Amino acid sequence: MNTTLFVEPKVTSVKKFYFLEYFYILLKSVKQFSNKDEIFESFRVYKDGFQLGESKYKKLGSTGEELTRERLLRYEYTFKEVIEESELYGLIKRKQDEYFITKEGDDLIRKYETNVEDFNFSIFNFIESKLFGFYYLVSSCYKANRSKQGLLIFPIYSPPKLDIQKKQITKTKDVINYINVLTKKIAQDINEHLDIQADLNSAKDNLISKLQSAELISESLEAGFNTENYNVILKRIRDFWLSYFLNEVYKIQMSISYFDIWCYRGRQLGIMNATEFYYNFDGKIIYPISILSQGVSNPDFKNIYQYPDGNCLYIHSPKFDNIIEQFTKSVYESYIDLKSRYKTYFINLADLRDLVCFKLKISYENFASFLENLYQLNLRNEVKIKISLEGDKLPSETKAMYLKREPIMVDGRICNIIAVDIKK
DNA sequence: TCAAACCTTGTCGTTCTTCA
DNA sequence: TGAAGAACGACAAGGTTTGA
């Protein structure tokens with residue numbers, strides 16, 4: 001594949017929001033009102049109704065919260081971002097303080113209301129034709145780790161994960177010790193998962209001097225540090241290594257915050273996957289579930305964009321009938337694999353999903369629909385395996401471990417754990 | 001035993017810095 | 001000097017520990 005870019009990708013032109021539904025709620029508001037204040041009010045109500053932009057940990061749908069000045073400012077911030085990006089794609093037009101929907105914007109509303117997938121791909125088309133960000137992202141992933149099909153790992157180890165308790169961290173030297181242990185662990189991960197012998201010492205020194213110049217830690221090892229800064233220090237250390245991986249290890253030239261936005265939008269479109277489970281590793285992994293190629297005849301790959309250089313972006317979106325044997329085998333093998341690690345009959349379904357999606361390079365949506373199909377075949381006794389699904393959680397796991405991850409619906413109910421047997 | 005205090009984690013913007 | 005881009009942190013919420 002020729003990865004010389006025909007145009008410079010504009011990865012920083014996307015605005016700071018993740019969910020594609022934001023376009024819909026803005027367009028819907030602009031269709032109803034033209035006065036900016038009225039549009040904003042409508043947008044705010046829709047944002048609450050669609051539960052958009054809330055922290056994963058935050059209880060969704062909490063009502064009755066007082067609308068403080070600070071909260072209003074947050075809404076205004078997002079509103080401004082969605083307005084600007086919608087103007088960029090020509091979905092709305094501005095005349096002084098009034099906004100009007102364009103034909104393209106109106107079409108999008110209709111698409112959302114009839115077929116969300118159609119809506120998503122139309123948005124994708126607007127984004128890609130202006131910015132070429134997905135081209136850059138997908139080609140960069142493959143370039144960064146060819147031997148593992150574009151897999152990017154982002155290790156995250158908090159002190160407790162490395163057996164260092166908060167109360168043990170009281171002096172500068174304790175922070176440095178955490179950084180040393182962490183750096184060693186990260187170097188091991190790079191070696192194991194990326195097959196690179198990395199010397200992280202200069203990066204580590206750079207991190208320490210950054211913390212010192214920000215006066216978060218002292219230059220004297222014996223000096224104590226203000227425990228109020230504990231969270232800030234941890235966050236700085238985490239972000240430092242995330243950026244290091246992105247820019248230095250993978251040579252992807254964008255900030256981690258834009259990278260997150262592109263990946264999250266890519267995930268909604270079935271172009272990328274971003275998951276948490278990977279063998280012997282703590283952190284995030286990201287990999288493409290699409291390819292850039294001049295031509296693919298395999299019907300499991302869907303062509304969603306043609307670039308001026310002749311390459312096309314194909315997403316891997318197989319039909320269930322074409323993948324049934326492979327999917328069944330992968331579900332069973334992944335189950336056996338996870339079962340041997342946890343030593344329990346039932347295992348975490350989200351872990352199984354992450355593993356199967358990684359092995360087969362399919363999206364979460366595909367996994368859910370394939371599992372539903374397989375489950376129905378299993379009920380009709382038409383497959384060789386027996387699947388049991390439950391909504392319970394594993395005794396060793398906490399509620400947050402499930403809250404954090406996207407739920408999986410099968411047979412009309414949320415399922416958290418799974419067991420698989422071979423039929424006799 | 002149980003409520004309060006503290007710990008951990010990561011999102012969603014917000015603010016600071018750089019650049020044209 | 002304003003826009004674009006990168007760095008940064010407030011905050012929320014579930015988990016865990018503490019101690020009355």
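Note on naming: letters A, B, ... go to the chains in the order of the sequence lines (proteins, then strands), and numbering restarts at 1 for each one. Fair warning: this is a prediction, and the values are worked out from it, not measured in the lab.
Distance, A:Y258 OH to B:dG13 P: 14 Å, rounded to whole Å. Note: CG (A:L242) to P (C:dA6) measures 15 Å, nearest angstrom. Straight-line distance from the CG atom of A:L246 to the P atom of C:dA6: 10 Å, rounded to whole Å. Nucleotide B:dT9 holds its P atom 8 Å from the CZ atom of A:R238, rounded to whole Å. Taking atom CD1 of residue A:I261 and atom C1' of nucleotide C:dG5, one finds them 12 Å apart after rounding to whole Å. The distance from atom CD1 of A:I233 to atom P of B:dT8 is 13 Å, rounded to the nearest whole Å. In this structure, A:W262 places its CH2 atom 15 Å from C1' of C:dG5, rounding to the nearest Å. One atom, CG of A:L88, and another, P of C:dA3, lie 15 Å apart when rounded to the nearest Å.
A cation-pi arrangement is absent between A:K130 and A:Y89 under the rule of less than 6.0 angstrom and at most 45 degrees off the ring axis.
Checked against A:I271 for a side-chain contact (heavy atoms from CB on, under 4.5 Å), the options A:Y314, A:F124, A:Y305, A:W262 give a single hit: A:F124.
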Along nucleotides 15-20 of chain B, 5' to 3', which nucleotides get a B, which get an S, and which get a -, given that the test is a protein heavy-atom distance under 4.0 Å?
------

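Applying the side chain to side chain contact (heavy atoms under 4.5 Å, CB included) criterion to A:C357, with sequence neighbours excluded, gives A:N273, A:Y287, A:R353, A:I362, A:Y364, A:F367. Residues forming a ring pair (Phe, Tyr, Trp, His ring centres under 6.0 Å) with A:Y99 (at least two apart in sequence, or on another chain): none.
Backbone-only contact: A:R236 has heavy atoms under 4.0 Å from sugar-phosphate atoms and none from a base.
Each of B:dG10, C:dG5, C:dC8 was ranked by its minimum atom distance to the side chain of A:D239; first place goes to C:dC8. Distances from the side chain of A:K235 to the nucleotides C:dG5, B:dT11, B:dG10 place B:dT11 closest. Among C:dA10, B:dG13, C:dA6, the nucleotide with an atom closest to any side-chain atom of A:Y22 is B:dG13.
Side-chain N/O atoms of A:Y157 include none lying less than 4.0 angstrom from OP1 or OP2 on B:dT9.
No hydrogens or angles considered: nothing links the side chains of A:Y244 and A:N206 as a donor-acceptor pair under 3.5 Å.
Along DNA chain C, the nucleotide nearest to A:E84 and the one nearest to A:I256 differ in position, and the one closer to the 5' end is contacted by A:E84.
Look at A:R265 and A:E85 and you find a salt bridge, because one of the NZ, NE, NH1 or NH2 atoms lies within 4.0 Å of a carboxylate O, short of that distance.
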Step by step, would you call A:F79 with A:L26 a side-chain contact (heavy atoms from CB on, under 4.5 Å)?
CA-CA 8 Å; A:F79 178 66; A:L26 179 78; 3.6 Å; yes

